[in-house]
Amino acid sequence: MTGLRCCASAGCLARGSGALMGVLETAISRGELGDQIQLRPVGCLGPCSQGPLLALDPDGDLYAGVDPQDAETLVAALARRLHQSSDQATPLEWAPARGERLDLRAPFFQRQRRIVLEHCGLIDPTDLEQAIAVGAYGQLERVLQSWSPEQVVTELQRSGLRGRGGAGYPTGLKWATVARMPGARKVVVCNADEGDPGAFMDRAVLEGDPHRVLEGMAIAAYAVGADHGFIYIRAEYELAIERLRLAIEQAVDRGRLGAALFGTGFGFTLELRVGAGAYVCGEETALIASIEGKRGTPRPRPPYPAELGVGGRPTLINNVETFANVAPILREGADWFAAIGTAGSSGTKVFSLTGHVRRGGLVEVPMGTSLATVVLEMGEGSPHGSAVKAVQTGGPSGGCVPADRLDTRLDYESLQSLGTIMGSGGMVVLDQNTDMVALAAYFMAFCREESCGKCVPCRAGTVQLHGLLEKILAGQASQADLDQLETLGAMVMDTSLCGLGQSAPKPMLSTLRYFRGDYLARLGAP
Amino acid sequence: MATASAPFAALEPLLRRHHGRADALIEVLHGAQQCYGHLSDPLLRHVAARLQLPLSRVKGTASFYHLFRFQPPARHRCVVCTGTACQIQGAPALVAAMEEGLGLKLGARRGDGWASLSEVRCLGTCSDAPLVQIDDSIGRQQTVAGLRRWLQELEP
């Protein structure tokens, strides 16, 4: 059977893949080829910068830049091939008018190892049957029927999985902590408030394979003894919200969520909570307040959510990608997972590669892959003959890695030692023309706007720091201002209540560390 | 209990679904804004009464979040994405072109409700940076010249 998989993720949809699917469908039905060509919408196919993307089965070819006007010629070529031979080994003689067939031997594809995204781009995310056909909810069924909750926690601990939301806290340890808490009514929360600008990994997972995340949450609920869960998602992700709502509905209808799952006594219900535009709600205590219908302001920890979370109940909070790793870990075993990546950071990480890069999009690579591999090989460096100056990771909470340190391996500790963080996986490439002071001011303005105002260092500190950066940009600052910037930055980091304030100075301090020249060149006043 | 002829009757199904629970406040505010375009004072009072919350708590929560509006949306909603990828690829120039073309500062809305200008911190489709959005259309890899033409074509 010939199959056409058309990317229906937000990036390709914005480039017209919806219209493409419409005309393909018409052309297929007009040629009465409906029973020979199966067309389906799928999640992210990878190189978003070359969308709309279309994959052809069984060939496995991937076409880029496919326009609606290519539909006629494509269906005609497919019809010709179907007439000519019974085996479909003959390569298809067709190319999109303005696009191309991508070379899948390119590093962008070859260097990937897709675990989280293994079914993203293969299945129709709106069709539960397709998800089940590739194994969705299979691991949930298996653990419910033959594993104890303790065994699940132990397996997760042995896998070495660490939180993919940014901080890298050991997932198994977090599960064990919540599991130990007394009380029968615990809560599992999925943090889908992907707020870092330039990051779209979680969006792609939710749009492309939502059941994977629901299954991970249900398994987590079984392991820690929870009966209810929330997915907290940012309102800007309309398509992901729509797909999640549908996925939850379907899973409930098919007995994959709800009471007495798979004939056991275990039940798990799930609610979607849509954010309303507040970056700070990615912080776990602020997120809990927001789920409770309150202003999203953080509170001091301890008590940690494991002890005191949603509605005062013990609560497990993990990020989308963390939950998406659970099913494959249980399917293939902890040893398999631990062998991927590095000793301290096992498994893979999904990155959204954007900015001044030739080939951007969504990539999943083993932990420990170097930045150079991702940016220079897979992303093919900066366009128009310009050179890469730095790579920004971790968004407003992260920093910049300069071009001469691109040999750095992507794992939690290596990035931290450079003054940045893994973060959730946003990776913005900056070329030689990027003004690092302006970039620092940009991130500081972001944190100033997003500060919730509860603690003074963050509320007042970000305003002062932004003012100093603007002064430098205007060429009116002195060396004393620069010194003040550093002192104040350190103070805000040390004394803020939550992660937002504690990391707000990081983009600035990291650019100061590697690009001090950019700052010094701007000093005007004596 | 509100009846069909009561004010804000369209909100009743949502309120019933959440059993008037206070923790559904944000969900209810989303629904209210969707039904009525913006969160007017009477609407906020109604929500407070139905969820049995102090008005201060409802207003305090609503005003905390960027996406809640307290006045009707402008006829033309002009938005510039200022996510990192857009920012380094021309968003500042697009903001300037918008400000000039609309005669509005970023974050402002014209008094007669003709247009508003705001920013969004990342639409998540960064491969098409820089992005702008005017009403329901998205401008991808938007140039300043193209944006100027687009603004001139906006209905007065």
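Numbered from 1 within each chain, the chains take letters A, B, ... in sequence-line order.
Residue A:T297 touches chain B through both its backbone and its side chain, counting heavy-atom pairs closer than 4.5 Å. Residue contact with chain B, scored on non-hydrogen atoms closer than 4.5 Å, involves the side chain of A:C281 exclusively. Neither the backbone nor the side chain of B:A129 comes within less than 4.5 Å of any heavy atom in chain A. For A:L439, the part lying under 4.5 angstrom from a heavy atom of chain B is the side chain only. Heavy-atom distances place both the backbone and the side chain of A:F446 under 4.5 Å from chain B. Both the backbone and the side chain of A:V274 come within contact range of chain B, each with at least one heavy atom under 4.5 Å from a heavy atom of that chain. Using a 4.5 Å cut-off between heavy atoms, A:S352 does not touch chain B at all. Using a 4.5 Å cut-off between heavy atoms, B:Q33 does not touch chain A at all. For A:E271, the part lying near chain B is the side chain, with the backbone staying farther off; criterion is any non-hydrogen pair under 4.5 Å. Contact of A:V280 with chain B is made through the side chain alone, with heavy-atom distances under 4.5 Å. For chain A, the nearby parts of B:I88 are the backbone and the side chain; heavy atoms of each come within less than 4.5 Å.
Below 4.5 Å, heavy atoms of chain A meet heavy atoms from B:L67, B:F68, all part of residues 67-77 of chain B.
Around atom CZ of A:R299, more than 12 heavy atoms belonging to other residues, nucleotides or ligands sit under 6.0 Å away. Few gaps surround CD on B:Q141; more than 12 heavy atoms of other groups in view lie less than 6.0 Å from it. For A:R98, the CZ atom counts as loosely surrounded, since its 6.0 Å shell holds 12 or fewer non-hydrogen atoms of other residues, nucleotides or ligands. Counted within 6.0 Å of CD on B:Q34, heavy atoms from surrounding residues, nucleotides or ligands total 12 or fewer; the atom is thus considered open.
Residues A:A199 and B:C122 come closest through the heavy atom pair N-SG, 4.5 Å. When all heavy atoms of A:G198 and B:C126 are compared, the pair lying nearest together is CA-SG, 3.7 Å. Of all the heavy atoms in B:G83 and A:P197, the pair that sits closest is CA-CB, 3.6 Å. When all heavy atoms are compared, the tightest approach of A:C48 to B:S127 is CB-OG, 3.2 Å. Counting all heavy atoms, side chain and backbone alike, A:G296 lies closest to B:Y65 at N-OH, 3.1 Å. What you find for B:H30 and A:A235 is that their closest heavy atoms are CE1-CB, 4.2 Å.
At least one donor-acceptor pair closer than 3.5 Å links the side chain of A:R203 to the backbone N or O of B:G124.
Contact of the B:F64 side chain with the A:C452 side chain is registered, since non-hydrogen atoms from C-beta on lie closer than 4.5 Å. Under the 4.5 Å side-chain criterion, counting only non-hydrogen atoms from C-beta, B:D23 is in contact with A:R273. A:Y237 is not listed as a side-chain neighbour of B:L123, based on a closest heavy-atom distance of 4.5 Å or more. Residues A:R15 and B:D128 meet the side-chain proximity criterion, which asks for heavy atoms closer than 4.5 Å. The closest side-chain heavy-atom distance from A:R295 to B:S63 is below 4.5 Å.
When only modelled atom types and interatomic distance are considered, A:E450 and B:H66 share a side-chain donor-acceptor pair under 3.5 Å.
Among residues two or more places apart in sequence or in another chain, the salt bridge (Lys or Arg N to Asp or Glu O under 4.0 Å) test is passed with A:E242 by none.
Considering only heavy-atom pairs separated by less than 4.5 Å from chain B, the leading option among A:A276, A:A289, A:G361 is A:A276. Contact count against chain B (heavy-atom pairs under 4.5 Å) is highest for A:S290 among A:S290, A:A438, A:G11, A:G426. The most heavy-atom pairs under 4.5 Å with chain A, out of B:V28, B:T125, B:T84, come from B:T84. Between chain B and the residues A:A14, A:G51, A:C12, the largest count of heavy-atom pairs under 4.5 Å involves A:A14.
Here CD of B:Q87 is found 11.0 Å from OG1 of A:T434. Values are rounded to the nearest 0.5 Å. Between B:C81 atom SG and A:E236 atom CD the span is 10.0 Å, to the nearest 0.5 Å.
With respect to the salt-bridge test (charged N to carboxylate O, under 4.0 angstrom), the residues A:D196 and B:R121 do not qualify.
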